[in-house]
Amino acid sequence: MIRTGRQYLESLRDDREIWIDGERVRDVTIDPRFRSAAESIAELYQMQHDPGLQDRLTYISAEGERTGLSYIEPKSQADLVRRREMVKSWMDWTGGMMGRSPDFMNVHMTGFGSAHEYFARGGERFGRNIRRYYEHLRKNDLALTHTLINPQTDRSKPVHEQNTAAAIVKETDAGIVIHGARMIATLAPFSNDIAVFPSTFLQLSDEAKPYAFAFSIPIATPGLRFICRPAITPLNARAQDYPFSARLDEMDCVAIFDNVLVPWERVFIFQQPKLGNGMFAETGTINQIMHQFATKNLAKAEFLLGVALNMSDAVGIGGFQHVQNYIHEMINTVELVRSCIRASEIDCIPGPNGTVLPNDQPLLTVRTLFPELYPRLVEIIRILGASGLVMVPSHDELSGQRAADVERYYQGANLPADKRIELFRIAWDVSCSSFAGRQTLYERYFSGDPWRLAMLRYQSYPRQQELKQRIWDFAKRTAEWDRREQENKAEKGESSHVTA
Ligand SMILES: Cc1cc2nc3c(=O)[nH]c(=O)nc-3n(C[C@H](O)[C@H](O)[C@H](O)COP(=O)(O)OP(=O)(O)OC[C@H]3O[C@@H](n4cnc5c(N)ncnc54)[C@H](O)[C@@H]3O)c2cc1C
């Protein structure tokens, strides 16, 4: 089933405990700090019902139900392309600036659902639980947040030596009881459920077992509360003045579990550090996730390139050589990310239960490079925009007493003042605002610490042996060549010494 925007908004009106600025939010669909982002996500859901987009965004499931394509279990390269086109449509709608739109977690849970046997290694029922849960999500078109990371209390100690991380504190007939916190859960106020997965790598010890769990429960579960950072959305802001901040603040929260009961049917991993550590890689789910977020990165890079091209036209700077060089750098980023996504699809590999996995190597290149490429794209927008980014009045000025001044002095080389203001407010919001700062932080960290990812890649790069051997083969051929040369020279009685 595909939900409408209205059904999605209705689903957020429950007993969820969301705290911000010292108060509990009554209704995220009405509160001015949350309303616009909720409506923006509702727009995405509603797009699934647009006859012009439906075939691009949805498919008919085996049960004959129209279903969002981010839930598809890809069985062929063509399925990967279809899913990518769906993700790209949502991402283009938001300029790639809503990293945690529901497709992100749908792809996660679909990957885990396809690999249910992995979870069954910890007990048959856990395999059944993850498969049923995936089907439940797919049939109900739910929105999820997730949380992996323990609170940033003392990173020099293992998790069991801290007293802040969420842990299993009790086991009952009904389920497991979780107490403690997790940071962070982006999109939590706008989600139906929260998936809680094992965080980073756990020691394979008894002490780590209380932290080795995976489960998913409704946001409105008793005892579960979220504390949000202050909103980026300026109160009473016009969308045209804050094109992104006013509509796409997906919100980041700390999740606090106050003796929360998780029913057994929602538990996927229980006290199994080894299964937790391998959950993303061994199920192939990380390949699917990287394919989703590389597509987001492509949409984002393309959007910033579009902004730069328009700015360069708007103020007549496109003829300067260094401007062309900067924009060429942005084109390189777009084309690199695009090519990596295509390569991952073309070189896809078999996955669990007849599925295919996009190849991880080109996607790992995007995952580890984009944290460096994205800040550079933003910097180029700032370099090209210069003071034009801050010398932009609000839209009210266009109809205020100084409208004639604005019309005359804010025009561009080829744009009337109102269009130039529109363009430069977009450019400001992606490069200079709080929204822009959070996006840059997000791109650095959302899929893990780039330093540690780089180390892991070094350690696990599958072509290491082949490439190292190639050098020794070359050295061997060189030595053989050299030996033959020496023998030839000796035969001819020539000196083997180099002469200047
Ligand atoms: C905007 C935003 C949204 C996010 N949304 C989500 C979400 O919805 N769900 C979710 O699960 N996660 C989310 N994340 C969290 C993300 O997974 C983490 O930021 C990332 O894994 C890094 O962990 P950390 O932030 O705890 O940094 P830390 O681990 O605290 O690292 C801080 C610094 O110390 C260094 N450091 C710390 N420990 C080590 C170590 N052992 N070895 C080497 N260096 C170390 C790091 O390199 C880094 O420079 C989000 C992050 C951001 C910024």
Side-chain angles (χ1 to χ4, degrees), residues 1-12 29 35-111 134-135 137-144 187 190-192 239-240 243-244 246-248 250 288-289 291-307 334 337-338 341-342 344-345 358 426:
M1 181 199 94
I2 45 172
R3 283 196 293 182
T4 62
R6 187 185 292 267
Q7 285 168 331
Y8 162 69
L9 289 173
E10 190 51 47
S11 75
L12 302 180
T29 67
R35 183 177 54 81
S36 309
E39 284 173 4
S40 295
I41 300 167
E43 273 186 358
L44 298 178
Y45 278 104
Q46 192 58 36
M47 281 166 79
Q48 302 184 112
H49 293 267
D50 180 334
L53 292 171
Q54 200 158 66
D55 286 341
R56 195 179 164 93
L57 298 181
T58 65
Y59 72 110
I60 305 296
S61 70
E63 296 88 2
E65 279 188 349
R66 193 164 279 284
T67 307
L69 260 168
S70 52
Y71 289 112
I72 197 169
E73 294 181 89
K75 300 279 168 54
S76 63
Q77 195 192 121
D79 283 347
L80 291 176
V81 172
R82 273 180 92 190
R83 184 182 68 190
R84 187 237 305 149
E85 286 175 350
M86 175 269 142
V87 172
K88 187 70 169 26
S89 302
W90 272 15
M91 290 300 164
D92 284 342
W93 192 254
T94 61
M97 301 284 172
M98 187 169 264
R100 293 295 157 96
S101 54
D103 48 321
F104 176 75
M105 283 307 297
N106 295 349
V107 170
H108 266 78
M109 300 313 298
T110 304
Y134 154 66
E135 283 163 8
L137 296 179
R138 192 189 64 201
K139 285 180 187 149
N140 294 288
D141 204 11
L142 298 184
L144 257 68
L187 206 81
F190 311 110
S191 300
N192 301 110
Q240 275 188 304
F244 286 103
R247 293 189 301 152
L248 295 175
E250 58 189 352
Q288 310 288 15
I289 300 167
H291 186 245
Q292 188 276 347
F293 69 64
T295 306
K296 178 262 297 171
N297 292 350
L298 176 60
K300 212 161 183 165
E302 285 180 349
F303 192 89
L304 292 197
L305 174 58
V307 170
V334 165
V337 176
R338 203 174 63 77
I341 295 169
R342 290 294 293 132
S344 79
E345 293 162 357
I426 291 172

I'd like to know if the side chain of [X] and the backbone of [Y] have a donor-acceptor N/O pair within less than 3.5 Å.
X	Y	result
E250	A37	no
N140	L142	no
T29	R35	no
Y8	A143	no
R3	D141	yes
W90	L44	yes

Could you tabulate the donor-acceptor pairs under 3.5 Å formed by side-chain atoms of residues 293-301, not counting sequence neighbours?
from	atom 1	to	atom 2	distance (Å)
T295	OG1	H291	O	2.8
K296	NZ	E443	OE1	3.1
K296	NZ	E443	OE2	2.9
K300	NZ	Q439	OE1	2.4
K300	NZ	E443	OE2	2.6

For this session: Applying side chain to side chain contact (heavy atoms under 4.5 Å, CB included), run through R84 and V87 and close with a yes or a no.
Result: CA-CA 5 Å; R84 187 237 305 149; V87 172; 5.7 Å; no
About how many Å separate [atom2] of [Y] and [atom1] of [X], when rounded to the nearest 0.5 Å?
X	Y	atom1	atom2	result
Y71	E135	OH	CD	12.5 Å
I289	F104	CD1	CZ	6.0 Å
Q7	Y45	CD	OH	11.0 Å
Q77	S344	CD	OG	9.0 Å
T67	Q48	OG1	CD	9.0 Å
I72	D79	CD1	CG	4.0 Å

Does any non-hydrogen side-chain atom of [Y] lie less than 4.5 Å from one of [X]?
X	Y	answer
T94	S40	no
H49	I2	yes
L144	S191	no

For this session: Please determine which of N106, T110, T58, D103 meets the side chain to side chain donor-acceptor pair (under 3.5 Å) test together with S70.
Result: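 Exactly one pass, corresponding to N106.
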For this session: Could you point out which residue of Q288, Q292, E345 forms a side chain to side chain donor-acceptor pair (under 3.5 Å) with R83?
Result: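 The residue from Q288, Q292, E345 that satisfies side chain to side chain donor-acceptor pair (under 3.5 Å) with R83 turns out to be Q288.
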Exercise. Going through the distances and angles, do M86 and R82 end up as a side chain to side chain contact (heavy atoms under 4.5 Å, CB included)?
Worked result: CA-CA 6 Å; M86 175 269 142; R82 273 180 92 190; over 6 Å; no
For this session: Would you check if there is a donor-acceptor pair between the side chains of S61 and E63 at a distance under 3.5 Å?
Result: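 Per modelled atom types, E63 and S61 side chains form a pair under 3.5 Å.
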Exercise. Side chains of R56 and S89: donor-acceptor distance under 3.5 Å anywhere?
Worked result: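 A donor-acceptor contact under 3.5 Å links the two side chains.
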Problem set entry | Working for side chain to side chain contact (heavy atoms under 4.5 Å, CB included), residues Q54 and R66 | CA-CA 9 Å; Q54 200 158 66; R66 193 164 279 284; 3.4 Å; yes
Residue pair [X] / [Y]: nearest heavy atoms and the distance that separates them:
X	Y	result
A239	R247	CB-CD, 4.1 Å
L9	A42	CG-CB, 3.8 Å
M47	L53	O-CB, 3.8 Å

Exercise. So V334 and L305, side chain to side chain contact (heavy atoms under 4.5 Å, CB included) or not? Walk me through it.
Worked result: CA-CA 8 Å; V334 165; L305 174 58; 3.9 Å; yes
Problem set entry | Electrostatic pair R6:E10 at N-O distance under 4.0 angstrom |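 Between E10 and R6 there is no salt bridge, as every charged N stays at least 4.0 Å from the carboxylate O atoms.
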Exercise. Mind checking whether F303 and F244 have parallel, tilted or perpendicular rings, split at 30° and 60°?
Worked result: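 Perpendicular: the ring planes of F303 and F244 meet at over 60°.
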